[in-house]
Amino acid sequence: KGIIFDIRMNGGGYGPLAGSIGGRFVNDKFNCGYYQLRNGDNHSDFTPMVPIEYPKRGDWQFTKPIILLMGRGCFSTSEIFAAGMTKLQNCISVGDTTGGGLSNSKQISLPDGTIYSISDQIIYDTDKRIVESVGVPPQVTVNWNLNNVNNGKDPVLDYALNLLKNK
């Protein structure tokens, strides 16, 4: 009837892989959002906004219902994937907002040996909202807690299975 993707504890990975997977669900291109790169020393020195897009992949596309399980354990590439998937008409995102940690950073050493890290880009979702520290919200919020897990229950997955069963 459909497919359930569980990315709730995905810490990220290789961006083109997310685009390659997303490319199986679109007829043209998979738009995951936008980015700007830092290009100077001033707070506002960034390049113009650039789309994060991947081409459709393969000769066939999956067009049945998709349920994307997401939550606070999603970071980096999985958030970019979630931002793109939540815009597909046949996809419903369920769970909690993603973690909001995905920008690359640049380490800088000071003369006294102190090292600090500064983000060298801004990542936006498909609606051009900043994702860093905010995350990507689900379309349907389903709460869970440690007691659920300790009792072998997963209300997010249960919700998704019921949703798919009734499609």
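Residue numbers count from 1 along this sequence. None of these values were measured; they are calculated from a predicted model.
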Inset, instruction - Could you give me the CA-CA distance, side-chain angles and deciding distance for Phe62 and Ile3, then say whether side-chain contact (heavy atoms from CB on, under 4.5 Å) is met? - result: CA-CA 9 Å; Phe62 189 88; Ile3 190 168; 3.6 Å; yes
Would you say [X]'s side chain and [Y]'s backbone share a donor-acceptor pair under 3.5 angstrom?
X      : Y      : answer
Asn90  : Lys64  : yes
Gln36  : Thr47  : yes
Asn148 : Asn145 : yes
Asn42  : Asp45  : no
Thr77  : Gly13  : yes
Glu132 : Leu102 : yes

Inset, instruction - I would like to know whether Leu88 and Val26 meet side-chain contact (heavy atoms from CB on, under 4.5 Å); could you show each step before the answer? - result: CA-CA 8 Å; Leu88 300 181; Val26 293; 3.6 Å; yes
Could you see if [X] belongs to whatever hydrophobic cluster contains [Y]? Use Ile, Leu, Val, Met, Phe, Trp, Tyr and a side-chain cutoff under 4.5 Å.
X     : Y      : answer
Ile80 : Leu37  : yes
Ile7  : Val140 : no
Val94 : Val136 : no

Legend entry - Side-chain hydrophobic cluster, 4.5 Å single linkage: members besides Tyr124: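 Members besides Tyr124, by chain and number: Tyr34, Phe46, Met49, Ile122, Ile130.
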Could you tell me whether the side chain of [Y] reaches within less than 4.5 Å of the side chain of [X], counting heavy atoms only?
X      : Y      : answer
Leu157 : Leu69  : yes
Phe30  : Arg57  : no
Ser109 : Ile115 : yes
Ile92  : Leu163 : yes
Leu110 : Tyr116 : yes
Arg24  : Trp60  : yes
Pro55  : Lys29  : no

For the atom pair [atom1] ([X]) and [atom2] ([Y]), what is the distance rounded to the nearest 0.5 Å?
X      : Y      : atom1 : atom2 : answer
Ser76  : Ile123 : OG    : CD1   : 8.5 Å
Ser78  : Arg8   : OG    : CZ    : 12.5 Å
Thr126 : Lys128 : OG1   : NZ    : 10.5 Å
Asn150 : Leu146 : CG    : CG    : 4.5 Å

Exercise: identify the closest heavy-atom pair between [X] and [Y]:
X      : Y      : value
Pro155 : Val142 : O-CG1, 3.7 Å
Glu53  : Asn31  : OE2-ND2, 4.0 Å
Pro138 : Thr141 : CG-OG1, 3.9 Å
Leu164 : Pro65  : CD1-CB, 4.1 Å
Leu68  : Ala82  : CD2-CA, 3.8 Å
Thr86  : Met70  : CG2-SD, 4.3 Å

Inset, instruction - Using the side-chain contact (heavy atoms from CB on, under 4.5 Å) rule, take Lys56 and Gln61 through it: C-alpha gap first, then chi angles, then the decisive distance, then the call. - result: CA-CA 8 Å; Lys56 100 172 186 175; Gln61 275 33 66; 4.0 Å; yes
Legend entry - side-chain hydrogen bond (donor to acceptor under 3.5 Å, both in side chains) partners of Asp158, counting only residues at least two apart: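 Applying side-chain hydrogen bond (donor to acceptor under 3.5 Å, both in side chains) to Asp158 gives none.
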Legend entry - side-chain contact (heavy atoms from CB on, under 4.5 Å) partners for Val134, two or more places apart: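 Applying side-chain contact (heavy atoms from CB on, under 4.5 Å) to Val134 gives none.
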Legend entry - SB check Arg72 Asp96 (cutoff 4.0 Å):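 Here Arg72 pairs with Asp96 in a salt bridge, since their nearest N and O are under 4.0 Å apart.
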Using distance alone, with no hydrogens and no angle criterion, decide if [X] and [Y] have a side-chain donor and acceptor under 3.5 Å apart.
X      : Y      : result
Thr98  : Glu79  : yes
Asp112 : Thr114 : yes
Gln139 : Ser93  : yes

Legend entry - Among Asn10, Ile67, Ile66, side-chain contact (heavy atoms from CB on, under 4.5 Å) partner for Phe5: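 Between Phe5 and the candidates, side-chain contact (heavy atoms from CB on, under 4.5 Å) is satisfied uniquely by Ile66.
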Inset, instruction - Verify the neighbour count for atom NZ of Lys1: are there more than 12 heavy atoms of other residues, nucleotides or ligands below 6.0 Å? - result: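 Enclosed.
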Inset, instruction - With ring-ring contact (aromatic ring centres under 6.0 Å, His included) as the test, would you mind laying out the steps for Tyr54 and Phe81 before giving the verdict? - result: CA-CA 11 Å; Tyr54 299 96; Phe81 180 74; over 10 Å; no
